[in-house]
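Following: one structure in structure tokens, then a few remarks.
The structure presented is a predicted model; accordingly, all values stated were derived computationally and were not measured. Chain naming here is simple, since letters A, B, ... match the order of the sequence lines and numbering starts at 1 in each.
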Protein chains: 2
Amino acid sequence: MAVRTIEVRERVMARNDELATAVRHRLAQHRVATFNLVSSPGSGKTALLEHTLEDLGQELRIAVVTGDVQTQNDADRLAAYTEHLVQAVVTGGACHLDARQVQAALDAVDLESTDLLFIENVGNLVCPANWDLGETAKIVLFSVTEGEDKPAKYPKMFQQSRYAVFTKIDLLPYVPFDITRAETIARDVHGALTFFRTSARSREGLEEWYTFLRDQVGDTRAL
Amino acid sequence: MAVRTIEVRERVMARNDELATAVRHRLAQHRVATFNLVSSPGSGKTALLEHTLEDLGQELRIAVVTGDVQTQNDADRLAAYTEHLVQAVVTGGACHLDARQVQAALDAVDLESTDLLFIENVGNLVCPANWDLGETAKIVLFSVTEGEDKPAKYPKMFQQSRYAVFTKIDLLPYVPFDITRAETIARDVHGALTFFRTSARSREGLEEWYTFLRDQVGDTRAL
């Protein structure tokens with residue numbers, strides 16, 4: 001029973017990796033820098049994207065694919081901030097997006113007119129770590145209202161991510177969270193992580209985040 | 001491929017339900033009220049249990065089974081607050097506990113000397129909704145730092161839970177969260193939900209939570 005489950009899962013994962021490779025190739029052809037945002041539910045993925053679309057949307061052509069278990073709430077929120085496409089994928093119960101869903105969503109995106117693509121994954125610190133979506137990099141969001149030891153408790157997500165964005169740092173005075181200690185714990189599971197410290201409410205750290213995004217698009221354009 | 005996956009999954013779930021029924025029978029025989037705590041990572045399951053063990057631990061005999069993807073951090077934290085057993089289950093990557101793991105963990109628990117059992121599930125708003133562990137009821141924790149629309153976005157978890165505990169309400173002045181609206185959204189997906197409003201930091205609402213727990217144990221003892 002257990003063995004059979006694992007066999008099937010391996011075949012599903014292998015198929016996903018093939019599709020992810022195709023997605024990655026397609027995005028590279030169109031020079032679209034693509035970031036897969038992963039985090040706990042409620043860590044502020046949508047809030048960060050709202051600001052990013054509002055503040056960088058005139059300068060960069062940004063498309064978004066949102067993944068949600070049941071609603072299109074995030075896509076609706078984001079559509080208010082951009083003329084570009086926000087494509088909603090409802091996973092219907094699944095705890096992560098897969099490459100097939102992203103591939104299908106991309107059919108609706110004019111990639112030639114896109115500089116930057118965000119994939120807002122299902123809020124979940126476990127499942128999305130295992131699913132390559134063809135992204136340039138995974139970016140894990142980490143709210144300071146969560147415990148400092150999240151990287152140790154969910155190591156795979158932090159190992160699979162190239163960047164970690166602390167969110168809600170305006171709440172630091174009110175929560176028992178030592179951000180330096182959290183960085184140390186995160187570095188223990190993935191030494192090469194690059195950190196951002198942001199607050200969508202106070203706007204702290206957003207300029208550094210935007211500079212990073214501009215550089216990523218520059219890099220992709222220069223390919 | 002998809003069909004085969006579903007077939008295997010159904011057999012795994014059916015086997016889980018059998019084991020959960022056996023666990024439920026065993027817990028009922030020993031009159032142990034059992035609550036399966038589910039939530040996003042960082043919503044404060046462990047903090048709520050720390051207070052509960054400290055404040056009710058002399059009065060009620062409380063055992064805990066913690067489920068974590070990788071570490072035993074939660075179990076270690078809780079063990080400092082109780083003389084009773086805290087049994088850690090490491091799921092090794094899986095996004096939820098299953099009934100087989102709970103059944104094995106219970107072998108280490110003296111059920112005859114236990115009034116109340118908490119199962120602290122993996123921090124995840126998706127997967128644990130599908131897995132019956134033989135509990136008396138699921139209790140979903142909902143931090144006010146998360147969005148008000150979490151119940152709409154993760155409806156199955158709120159439908160499967162009989163109680164919803166708001167946590168971190170001391171942060172309400174600093175976050176854009178309307179708790180009445182959140183309750184309305186939660187009631188829309190599950191009309192029979194009973195709510196608690198708590199803060200582990202300010203201790204607000206803890207007495208109501210303890211009264212509820214005492215009543216549950218009373219009910220079970222009276223069976």
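- For chain A, no part of N130(B) is nearby; none of its heavy atoms comes within less than 4.5 Å.
- Contacts of K150(B) with chain A are made by side-chain atoms alone, with heavy-atom separations under 4.5 Å and no backbone atom involved.
- Residues K153(A) and D74(B) form a side-chain contact, since some pair of their non-hydrogen atoms from C-beta on lies under 4.5 Å apart.
- For the pair K156(B) (side chain) and V69(A) (backbone), a donor-acceptor distance under 3.5 Å is absent.
- Using a 4.5 Å cut-off on side-chain heavy atoms (C-beta onward), R201(B) and P176(A) make contact.
- The minimum heavy-atom distance between T71(A) and A152(B), with the atom names listed, is CG2-O, 3.1 Å.
- Heavy atoms from other residues, nucleotides or ligands lying under 6.0 Å from CZ of R26(B) number more than 12.
- Listed for the Y154(A) side chain is a donor-acceptor partner under 3.5 Å among the backbone atoms of G123(B).
- Counting heavy-atom pairs closer than 4.5 Å to chain B, the top-ranked of the candidates R15(A), Q72(A), E146(A) is E146(A).
- Of the listed residues (S40(A), C95(A), P41(A)), the greatest number of heavy-atom pairs within a distance under 4.5 Å of chain B belongs to P41(A).
- Under the rule for a salt bridge (charged side-chain N to carboxylate O under 4.0 Å, His left out), the partners of D55(A) that lie at least two apart in sequence or sit in another chain are R203(A).
- Only the side chain of P155(B) comes within contact range of chain A, judged by heavy atoms closer than 4.5 Å.
- Taking each heavy atom of A94(A) and V126(B) in turn, the nearest pair found is C-CG1, 4.3 Å.
- By the salt bridge (charged side-chain N to carboxylate O under 4.0 Å, His left out) test, D132(A) is found to be paired with R24(A), residues two or more places apart in sequence or in another chain being considered.
- Y174(B) approaches L171(A) most closely through the heavy-atom pair CB-CD2, 3.5 Å.
- With a threshold of 4.5 angstrom between heavy atoms, V175(B) approaches chain A through its backbone and through its side chain.
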